[in-house]
Amino acid sequence: MAAPMVEIKNIHKRFGKLEVLKGVDFEVQEGETVCLIGSSGSGKSTLLRCINLLEHADDGQILVFGQDVLHTKDVNHFRAKVGMCFQQFNLFANMTVVENCMKPQMKVLKVSKEEARKTAMKYLEKVGMAEFANADVRRISGGQKQRVAIARALCMNPKLMLFDEPTSALDPEMVGEVLNIMKELAEEGMTMIIVTHEMGFARDVADRVVFMDQGQIEEQGTPDQLFNNPQSERTKEFLKASVYK
Amino acid sequence: MFISNCTDILTTYGPSLWLGVRTTLLIAITGTVLGLILGLLVGGFRAVKLDFTASGAARFFKKLGDLIINLYITIFRGTPMMVQAVFIYYAMLNFIYWSPMEAAITVISVNTGAYMAEIVRSGIQAVDPGQTEAARSLGMSNAQTMFTVVLPQAIRNAFPAIGNEFIVNIKDSSVLMIISITELMFQAKSIAGSTFHFTETYFIEAMIYLILTTVTSLILNAIEKHMNRPSTKEVA
Ligand SMILES: Nc1ncnc2c1ncn2[C@@H]1O[C@H](COP(=O)(O)OP(=O)(O)OP(=O)(O)O)[C@@H](O)[C@H]1O
Ligand SMILES: [Mg+2]
């Protein structure tokens with residue numbers, strides 16, 4: 001088997017006195033879709049953010065694309081290859097939909113305006129937002145915002161996509177449109193790490209589900225193993241609680 | 001009596017008053033624009049949060065810069081502009097020859113910059129930090145994020161306060177008469193001195209200031225409305 005795309009070895013992360021990641025080992029193979037689940041405060045976001053250096057792990061090793069990211073000199077270049085989508089979308093409010101997708105390409109990848117526009121339209125088309133290209137991002141729905149955020153990330157031609165609860169801020173009727181796009185990406189072979197509370201989606205789309213608890217990985221396996229035959233007591237408790245949510 | 005004295009003053013001294021108005025506006029506009037540029041640089045510098053990607057040298061430079069900026073803001077906001085004008089004008093004359101006008105524009109710009117820096121900084125702080133994170137996650141540098149994402153929004157947020165500084169400058173440039181700038185206050189004072197119609201002259205002066213500030217604030221309101229219109233060109 002080829003070397004994993006993401007290889008995390010015994011990372012620790014503290015915020016002041018609070019130890020949020022207590023020695024996490026974690027791997028993701030190229031083309032894999034991994035869902036991270038776990039209760040609030042268990043460190044899912046922190047783990048995700050350590051991968052693209054939005055947080056800097058205090059200890060341990062993180063290899064992405066075979067590169068030691070904790071010691072990389074060119075953080076910006078590295079980040080461009082790792083797309084990220086946030087719960088709150090975080091679109092640039094001073095730009096239109098298409099500008100959101102163009103500006104980062106022009107600034108980071110130094111492509112021309114025309115080329116940036118072409119790429120932007122291609123991915124807006126993909127997420128079904130091409131007809132809103134010139135819309136004000138403050139005036140579209142949450143589901144549409146998240147689709148634009150996905151297109152914006154894809155414009156950078158990332159090899160790995162990180163999602164931090166991409167549907168948690170959405171009205172229920174808009175969750176589907178976003179999950180469908182993510183599912184499509186997974187089927188096209190994009191490598192994805194997704195923090196989610198959508199158990200149905202995890203069961204349906206994930207190649208592997210990872211349950212995090214109190215700063216550690218408590219259990220992981222295929223959706224079938226984890227949801228239908230969990231081994232650890234904590235996993236069982238968590239799943240029982242989330243069934244009734 | 002009062003009315004006819006006023007019309008007399010206006011007809012006789014119209015040109016000097018007009019010079020006063022032009023000088024006042026020149027100083028207020030230049031001072032506000034240069035002050036804003038200074039405020040953007042200083043406020044932007046202050047608002048930058050270095051993350052772990054910053055080098056040791058950058059950290060040192062940032063600390064030192066913050067210290068100097070704090071000192072600058074404290075001094076210029078904590079002393080009257082009139083005092084700043086006389087002190088800086090005469091103190092610098094020991095080193096360079098400069099005209100009162102050059103001194104006036106320098107003083108009002110540097111003074112405005114100290115206020116603008118705080119305005120810009122709070123405008124920046126009002127920009128959702130999630131957008132900064134998103135920009136960084138896309139690979140944009142600290143500076144690219146500041147200039148393409150944060151500052152444009154900060155300026156929009158801060159526009160009312162920036163406009164207010166302009167109005168303040170129209171009025172407060174009057175203290176620069178202390179270094180013999182022929183702005184409106186200086187002109188009115190000389191007219192009153194030669195006509196002895198103090199009430200009428202200063203009444204006219206007050207009216208001119210009122211017109212200047214009212215018209216300015218109407219223009220600023222219109223600009224603000226224009227800026228806040230939805231940028232939507234076509235929503236399907
Ligand atoms: N920047 C920070 N400073 C201080 N504490 C933080 C910071 N970020 C996260 N934490 C703390 O670290 C712990 C783990 O946070 P994290 O966001 O990783 O959890 P999570 O599993 O994503 O939870 P949720 O499901 O609520 O998003 C929490 O207790 C949180 O309060
Ligand atoms: Mg989280």
Side-chain angles (χ1 to χ4, degrees), chain A residues 48-49 51-58 70 72-109 129-140 144 149 152-153 155-156 158 162 164, chain B residues 40 44 47-59 120 122-160 162 223-236:
Chain A
L48 203 64
R49 294 161 57 85
I51 296 174
N52 71 346
L53 293 172
L54 283 181
E55 303 290 355
H56 200 257
D58 300 315
L70 289 178
T72 186
K73 285 276 171 282
D74 196 351
V75 175
N76 295 329
H77 189 245
F78 163 71
R79 280 181 177 147
K81 290 185 284 183
V82 182
M84 182 157 188
C85 292
F86 303 83
Q87 184 174 346
Q88 296 300 331
F89 329 122
N90 299 344
L91 295 179
F92 306 136
N94 57 324
M95 302 176 200
T96 62
V97 164
V98 73
E99 284 166 354
N100 261 272
C101 298
M102 289 165 63
K103 267 281 152 55
Q105 295 182 63
M106 289 155 66
K107 293 286 167 190
V108 180
L109 307 178
M129 288 298 292
E131 58 181 315
F132 291 89
N134 292 316
D136 184 330
V137 295
R138 292 166 299 182
R139 306 213 150 209
I140 55 179
Q144 293 174 326
R152 176 176 69 179
C155 282
M156 307 301 285
L162 310 175
D164 194 354
Chain B
L40 283 173
V48 168
K49 281 201 196 73
L50 294 180
D51 56 16
F52 68 91
T53 59
S55 65
R59 263 166 228 289
V120 168
S122 46
I124 288 173
Q125 278 169 345
V127 177
D128 159 29
Q131 291 181 39
T132 303
E133 259 189 2
R136 301 292 276 138
S137 81
L138 288 156
M140 288 163 75
S141 67
N142 275 312
Q144 286 171 338
T145 304
M146 185 54 87
F147 285 108
T148 56
V149 177
V150 179
L151 272 187
Q153 295 182 62
I155 292 173
R156 181 157 26 184
N157 292 343
F159 186 80
I162 291 169
I223 298 176
E224 194 188 334
K225 223 167 163 183
H226 183 76
M227 279 200 325
N228 287 335
R229 84 204 182 288
S231 70
T232 318
K233 284 154 201 152
E234 52 198 67
V235 175

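Basis for what follows: all heavy atoms, side chains included, without hydrogens, waters or symmetry-related copies. So that the names make sense, note that chain A is the first sequence line, chain B the second, and so on, each numbered from 1.
- Minimum interatomic distance between B/Thr148 and A/Met95 (heavy atoms only, all atoms of both residues): O-CE, 3.4 Å.
- At a 4.5 Å heavy-atom cutoff, the contact between A/Phe92 and chain B is made by backbone and side-chain atoms alike.
- Counting non-hydrogen atoms of neighbouring residues, nucleotides and ligands closer than 6.0 angstrom, the CZ atom of B/Phe147 reaches no more than 12 such neighbours.
- A/Gln88 places no side-chain N or O within 3.5 Å of a backbone atom of B/Gly130 that could act as its donor or acceptor partner.
- To the nearest 0.5 Å, the span separating OG on B/Ser137 from CE on A/Met156 amounts to 9.0 Å.
- At a 4.5 Å heavy-atom cutoff, the contact between A/Arg49 and chain B is made by side-chain atoms alone.
- Considering every non-hydrogen atom in both B/Gln144 and A/Lys107, the closest pair reads NE2-O, 3.1 Å.
- Nearest approach of B/Leu138 to A/Pro104, heavy atoms of both residues: CD1-CG, 3.8 Å.
- Contacts of A/Leu109 with chain B are absent, with no heavy-atom separation under 4.5 Å from either backbone or side chain.
- Both the backbone and the side chain of A/Asn94 come within contact range of chain B, with heavy atoms under 4.5 Å apart.
- Nearest heavy-atom pair across B/Gln153 and A/Ala93 is OE1-CB, 3.5 Å.
- The two atoms that bring B/Ala134 and A/Asn90 nearest to each other are CB-O, 3.5 Å, heavy atoms only.
- Considering only heavy atoms from C-beta on, B/Arg136 comes within 4.5 Å of A/Asn76 through its side chain.
- To the nearest 0.5 Å, the span separating CD on B/Glu133 from CG on A/Asn52 amounts to 9.0 Å.
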